[in-house]
Amino acid sequence: MSNKYRTHNCSELRKENVGNNVVLSGWVNKKRDHGNLLFIDLRDNYGVTQCIIDKENLNFSQLEKIQLETVIRIEGKVVNRSSDTINKEIQTGEIEIGIKEFKVLGSCKELPLPVFSDQEYAEDIRLKYRFLDLRRKKIHENIILRSKVISFIRSEMNKYGFLEFQTPILTSSSPEGARDFLVPSRLNPGKFYALPQAPQQFKQLIMVSGFDKYFQIAPCFRDEDARADRSPGEFYQLDLEMSFVEQEDVFKVVEKLLVNTFKKFSNKKLLSDKFPRITYKDAMLKYGTDKPDLRNPLIIKDITEIFSREDVTFEIFKKLVKSGSIVRCIVTKNTKDKPRSFFDNIDKWAKEQGASGLAYFTIEKEKEISAKGPVGKFFSKEALEEILKLTGAEVGDSIFLACSKQKELEKIISISRDKIAKDLDLINNEIFAFCWIIDYPMFERNDTSNKIEFSHNPFSMPQGEIDKINFDKPLDILAYQYDIVCNGVELSSGAIRNHIPELMYKLFSIAGYSKQDVDQKFSGMINALSYGAPPHGGIAPGIDRIVMLLANEKNIREVTMFPMNQNAQDLMMNAPSDVTDKQLKELNISLKSKK
RNA sequence: GGGGGUGUAGCUCAGUUGGUUAGAGCGAUCGCCUGUCACGCGAUAGGUCGAGGGUUCGAGUCCCUUCACUCCCGCCA
């Protein structure tokens, strides 16, 4: 491509082009002014080319004064660089352009943040001047990676026989799940649309419509507070759904897609191409969480039974166990020579996390097995031997213990597992460790209200023969509901769906919804399911998090082009913003208080 | 809603126990420099120390309030 702005881009020219007259356009990345000789690094999306001009040229004094990040067009001749001035860091490093003419295409004010720098900047400045921030190498490349990953996923999905469809952005509010973003309806005063939290119902309706395999790079909107790995407002999912499938069929497709994607875009190894499957129950026991980081080799063990022994005199724990608490522990291999400060730091850290601390001791053996450490004296030789049997610990290992009610315990022991592994440097950063978490319970009891609620997706299919499910024990019902976790990051969540209306009414009634409630709230779907719905299921991997892992970033804003800040404001576009009284009036809205 | 961290020049940061006129690097402006690639050298400008209040002879520094950003908890089927 050649036009009045350029004959080549800024990473194209090579030795072979020496002698050519060329036109380049781009940003002034860097100037090096030698007084009578000036170097200009010209940058565009593709790379950097060094351009040079000396005092003899009439343009010299103008170019010498040019601001960084000005957009210019230069015309000149490709010149060979002498061997001692070749720059191997850039692709065009063997040549340079001898500038003949130049023109400013876009002038630039003094920069609020330098573009040519590896320095980190305050988030609000970066977001306000995102267009400058995005010129910087690292994030520019992250965004390009994101584009390539999405293109690749699209072509894979097409290859697998999936059809891409769009679903509505203005839809109806749903009672389950996150807080909705609402949009007032002008033509229906007092009524609101909701932005979709996910195209959940639509993708099921697509299956009922007979399309068999659907996917979409779908925007999802949830009005919840932000985290490092969670943008406020919107995020993207690879939403997919398939008809006439069992859980295994979904697993096969998604494993293949993710393995291909991660192998293509990262040099890191996968811990296993076949994702291990861990039941929700096991995950909660062994890792204390349903998003375990399998790069971390530490496993949690339950040793509650030890604390009903006569020869254990750890009275605080014994008393708690009697009143229903449980004890779980983490064994660290061969840590007997770690300094006291290592153990105390972890205990102190646990207290800062709101736990009552982490007790610990180290197993030693001279003639007999003994436990060293502040609480070691509470355990008899026989009790210690039993602990070794239960935990697989050996002489020289240390044991960290926590005692609490189950939920609280899982929380503290889970983050302790991460903390201890980090302190001991046990986590291999050069791998991706995927796993499936399966067999989620259909329902759970809400701690505060004591009511039975859907634990995940109310549209999931319960496991087992339908006429044999014991609805009197709802907490025992498992669902065909699954998550994919990678390196401790929840990447996707999916399920085989419940396509049987009567069963749906039954499950909703357990969660406290009447038939009328369901008919009203999910009218589109429940209606559709009664006109011949195929069995179907799917999943929705989070695009932003996939790219975040591939780009080796810890923050989702580093792979998002125009993110909002933590308060869900777009500092560049000034959103959200006030609207005129006329707009409000049309929408039939009056504000309670106005600033 | 709650907890932690940060806030000093356009940008990144230093600033000791409360003590003279608040510093550095980058950037900007001006001057010198023909082979740099983070070019080099010299000079100049640039500050409501986030904001408000208090303690004190004296506050960037101590106390209180408040705002902004960020991380976490709650929340996120």
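For A/E75, the side-chain hydrogen bond (donor to acceptor under 3.5 Å, both in side chains) partners are A/R73, not counting sequence neighbours. Partners of A/L170 by side-chain contact (heavy atoms from CB on, under 4.5 Å), not counting sequence neighbours, listed by chain and number: A/V183, A/Y193, A/L195. When the side-chain contact (heavy atoms from CB on, under 4.5 Å) test is applied to A/R277, the partners found at least two apart in sequence or on another chain are A/E248, A/F251, A/E255, A/K274, A/W436, A/I438. A/D476 meets the side-chain contact (heavy atoms from CB on, under 4.5 Å) test with A/K473; sequence neighbours excluded. Among residues two or more places apart in sequence or in another chain, the ring pair (Phe, Tyr, Trp, His ring centres under 6.0 Å) test is passed with A/F522 by A/F459, A/F508. Taking A/D84 as the reference, A/S82 meet the side-chain hydrogen bond (donor to acceptor under 3.5 Å, both in side chains) condition, with sequence neighbours excluded. In this structure A/K407 satisfies the salt bridge (charged side-chain N to carboxylate O under 4.0 Å, His left out) test together with A/D447, sequence neighbours excluded.
Residue pairs satisfying the side chain to side chain donor-acceptor pair (under 3.5 Å) criterion with at least one member in residues 123-134 of chain A, sequence neighbours excluded, are listed as follows: A/E123-A/R557, A/R126-A/D133, A/R126-A/E558, A/R130-A/D133, A/D133-A/R136. Applying the side chain to side chain donor-acceptor pair (under 3.5 Å) definition to pairs two or more places apart or across chains, those involving residues 88-99 of chain A are A/Q50-A/E96.
Following rounding to the nearest Å, A/E69 (CD) and B/C11 (P) show an atom-to-atom distance of 17 Å. Atom CZ of A/R32 is separated from atom P of B/C41 by 16 Å (rounded to the nearest Å). Separating the CG atom of A/D124 from the P atom of B/G7 is a distance of 13 Å, rounded to the nearest angstrom. If you take CG of A/L132 and P of B/G10, they are 17 Å apart, rounded to a whole angstrom. Rounded to an integer number of Å, the gap from CG of A/D133 to P of B/C11 is 14 Å.
Pairing partner, B/G42: B/C30, with both Watson-Crick or wobble hydrogen-bond distances short of 3.5 Å. Pair assignment for B/C69: B/G5, on the basis of Watson-Crick or G-U wobble contacts that are both within less than 3.5 Å. Under the Watson-Crick and G-U wobble criteria, each requiring two contacts below 3.5 Å, nucleotide B/A24 is paired to B/U12. The partner of B/C57 is B/G19, judged by Watson-Crick or G-U wobble contacts that both fall below 3.5 Å.
A/K411 comes within contact range of the sugar-phosphate backbone alone, with a heavy-atom separation under 4.0 Å but no base atom that close. In this structure, A/E123 reaches the sugar-phosphate backbone alone: every heavy-atom distance under 4.0 Å involves primed, P, OP1 or OP2 atoms, never a base.
In summary, A/D41 and A/R32 engage in a salt bridge, as defined by a charged side-chain N under 4.0 Å from a carboxylate O.
Side-chain N/O atoms of A/R227 include one lying less than 4.0 angstrom from OP1 or OP2 on B/C73.
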Which protein N or O atoms sit under 3.5 Å from an N or O of nucleotides 65-67 of chain B?
none

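Judged by distance alone, the side chains of A/T289 and A/E410 never bring a donor and an acceptor atom under 3.5 Å apart. Between A/H8 and A/N20, the side chains place no donor N or O within less than 3.5 Å of an acceptor N or O (distance only, hydrogens not considered).
Ring-to-base geometry places A/H34 in a stacked arrangement with B/C39 (centre distance under 5.5 Å, plane angle under 30°).
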> For every nucleotide of nucleotides 24-32 of chain B, 5' to 3': is a protein heavy atom under 4.0 Å from its base (B), only from its sugar-phosphate (S), or from neither (-)?
Replying inline: ---BSSS--

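Each of A/N555 and A/E89 has a nearest nucleotide on RNA chain B; the 5'-most of these lies closest to A/E89. Taking the nucleotide of RNA chain B with the nearest heavy atom to each of A/S82 and A/A228, the more 5' of the two is matched to A/S82.
Side chain A/R230 to base B/C75: a donor-acceptor pair is found below 3.5 Å.
Scanning residues 556-578 of chain A for heavy-atom distances under 4.0 Å to RNA chain B yields A/R557, A/N565, A/Q566, A/N567, A/Q569.
The side chain of A/T85 lies closest to B/C37, out of B/A68, B/C39, B/C37. Of all nucleotides listed (B/C75, B/G35, B/C76), B/C76 comes nearest to the side chain of A/A178.
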